[in-house]
Amino acid sequence: MTDPTAASSAGRAWYADGLHFQCTQCGNCCTGPPGTVWFTNEEAGRIAETLGIDTAEFYARYARKVDGRWSLTERKTTHGYDCIFLDRASAPGKALCSIYQARPAQCRTWPFWPENLRSRNSWETVKRVTPCPGMNTGNLVPIEQIGILRDATPR
Ligand code: SF4
Ligand code: SF4
């Protein structure tokens, strides 16, 4: 059944007026059920540099192969399967990315992933299910910026 909140191909995107988003650093999008955080070899190099280790050590300690692709590893916690770089200790009540400046494109483009932007209904569902308290709050992200992030999402 067609989602009535999706724009037709010829129509105006439902988010044409932009979307509000401001991360609260809750960490919910970096945990949950087992998942994958894809990265490229170039991104691996940047993360390794941030960590002060060589790329081979980064792969050995923090990466795993899933369906032939490289993903960051996870750690089981009381919250779920946390990304290995999710830091719950440094700031009370927050969960921070310990490699923030070097985080992969998959993380940089959240929550403006194509599947989340398919319709208003998709957007509201992912906000509720994650849950992501930063969606629909804070700064207005214009459609041009949304498009850049959407198109940079790794597939
Ligand atoms: S779930 Fe949303 S608010 Fe929480 S860390 Fe992720 S992007 Fe930020
Ligand atoms: S790399 Fe950072 S932003 Fe990406 S999932 Fe891991 S903790 Fe979250």
Side-chain angles (χ1 to χ4, degrees), residues 14-15 18-155:
W14 67 269
Y15 49 87
L19 289 167
H20 289 272
F21 173 66
Q22 192 152 351
C23 180
T24 66
Q25 301 179 316
C26 71
N28 290 348
C29 59
C30 309
T31 189
T36 48
V37 181
W38 308 120
F39 61 87
T40 63
N41 197 42
E42 195 182 336
E43 289 170 332
R46 278 200 293 272
I47 297 171
E49 195 180 338
T50 298
L51 297 171
I53 59 179
D54 64 34
T55 308
E57 186 179 351
F58 160 76
Y59 275 99
R61 289 176 60 181
Y62 302 111
R64 69 198 159 108
K65 269 236 166 126
V66 180
D67 297 334
R69 295 174 69 187
W70 285 103
S71 168
L72 300 181
T73 56
E74 297 175 314
R75 175 197 297 133
K76 180 86 175 75
T77 70
T78 53
H79 300 269
Y81 290 83
D82 285 7
C83 171
I84 194 71
F85 294 118
L86 190 61
D87 170 14
R88 296 185 181 277
S90 295
K94 305 239 184 239
L96 309 177
C97 176
S98 62
I99 54 159
Y100 189 77
Q101 295 302 334
R103 69 199 189 286
Q106 178 175 329
C107 311
R108 292 175 185 276
T109 54
W110 172 268
F112 301 102
W113 293 354
E115 60 267 41
N116 300 348
L117 292 167
R118 200 167 293 135
S119 66
R120 166 69 73 182
N121 191 44
S122 306
W123 179 260
E124 297 298 336
T125 300
V126 80
K127 171 182 166 51
R128 178 171 44 80
V129 171
T130 305
C132 175
M135 293 165 75
N136 299 343
T137 60
N139 299 328
L140 180 69
V141 183
I143 187 171
E144 295 79 12
Q145 181 66 17
I146 294 172
I148 290 167
L149 293 167
R150 178 199 60 212
D151 295 345
T153 305
R155 293 289 98 166

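Whatever order the structure lists them in is the order used to number ligands and atoms, beginning at 1.
Atom OG in Ser71 sits 4.0 Å away from atom CZ in Arg64 (nearest 0.5 Å). Between the CD atom of Glu43 and the CZ atom of Phe58 there is a distance of 9.5 Å, given to the nearest 0.5 Å. Considering CD1 of Ile99 and OH of Tyr62, their distance stands at 10.0 Å, rounded to 0.5 Å. Between atom OG1 of residue Thr109 and atom CD1 of residue Ile148 there is a gap of 12.5 Å, rounded to the nearest 0.5 Å. Taking SG of Cys97 as the start and CZ of Phe85 as the end, the distance is 8.5 Å to the nearest 0.5 Å. Taken from CG in Leu96 to SG in Cys23, the straight-line distance is 9.0 Å, to the nearest 0.5 Å.
The nearest heavy-atom contact from the protein to atom 8 (Fe) of ligand 1 is Cys23 SG, 2.3 Å. Nearest protein neighbour of atom 4 (Fe) of ligand 2, counting heavy atoms only, is Cys107 SG, 2.3 Å. Of the protein's non-hydrogen atoms, the one nearest atom 6 (Fe) of ligand 2 is Cys83 SG, 2.3 Å. Annotation: atom 5 (S) of ligand 1 to nearest protein heavy atom, Gly27 N, 3.2 Å.
Atoms of ligand 1 found under 4.0 Å from any heavy atom of Thr24, numbered from 1 in the order shown, are 3 (S), 8 (Fe). With ligand atoms numbered from 1 in the order given, ligand 2 contributes 7 (S) to contacts under 4.0 Å with heavy atoms of Leu86. The contact set between ligand 2 and Phe85, taken as ligand atoms under 4.0 Å from a residue heavy atom, comprises 7 (S). Residue-ligand proximity, Cys29 to ligand 1, at heavy-atom distances under 4.0 Å covers atoms 1 (S), 5 (S), 6 (Fe), 7 (S). Atom numbering of ligand 1 starts at 1 in the shown order; those under 4.0 Å from a heavy atom of Phe21 are 7 (S). Within ligand 2, the atoms closer than 4.0 Å to a non-hydrogen atom of Cys30 are 3 (S), 5 (S), 7 (S), 8 (Fe), numbered from 1 in the order shown. Ligand-side atoms of ligand 2 in range of Leu72: 1 (S), range being under 4.0 angstrom from any heavy atom.
Here Cys132 meets the criterion, with an N, O or S atom under 2.8 Å of atom 2 (Fe) of ligand 1. Under 2.8 Å from atom 2 (Fe) of ligand 2 lies an N/O/S atom of Cys97, whether from backbone or side chain.
Residues Glu124 and Arg128 are not paired through a salt bridge, judged by the lack of any N-O separation under 4.0 Å between the basic side chain and the carboxylate.
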Walk me through it: do Thr125 and Ser122 pass the test side chain to side chain donor-acceptor pair (under 3.5 Å)?
CA-CA 5 Å; Thr125 300; Ser122 306; over 6 Å; no

For the pair Tyr15 and Phe112, evaluate ring-ring contact (aromatic ring centres under 6.0 Å, His included) and give the outcome as yes or no after the intermediate values.
CA-CA 11 Å; Tyr15 49 87; Phe112 301 102; 8.5 Å; no

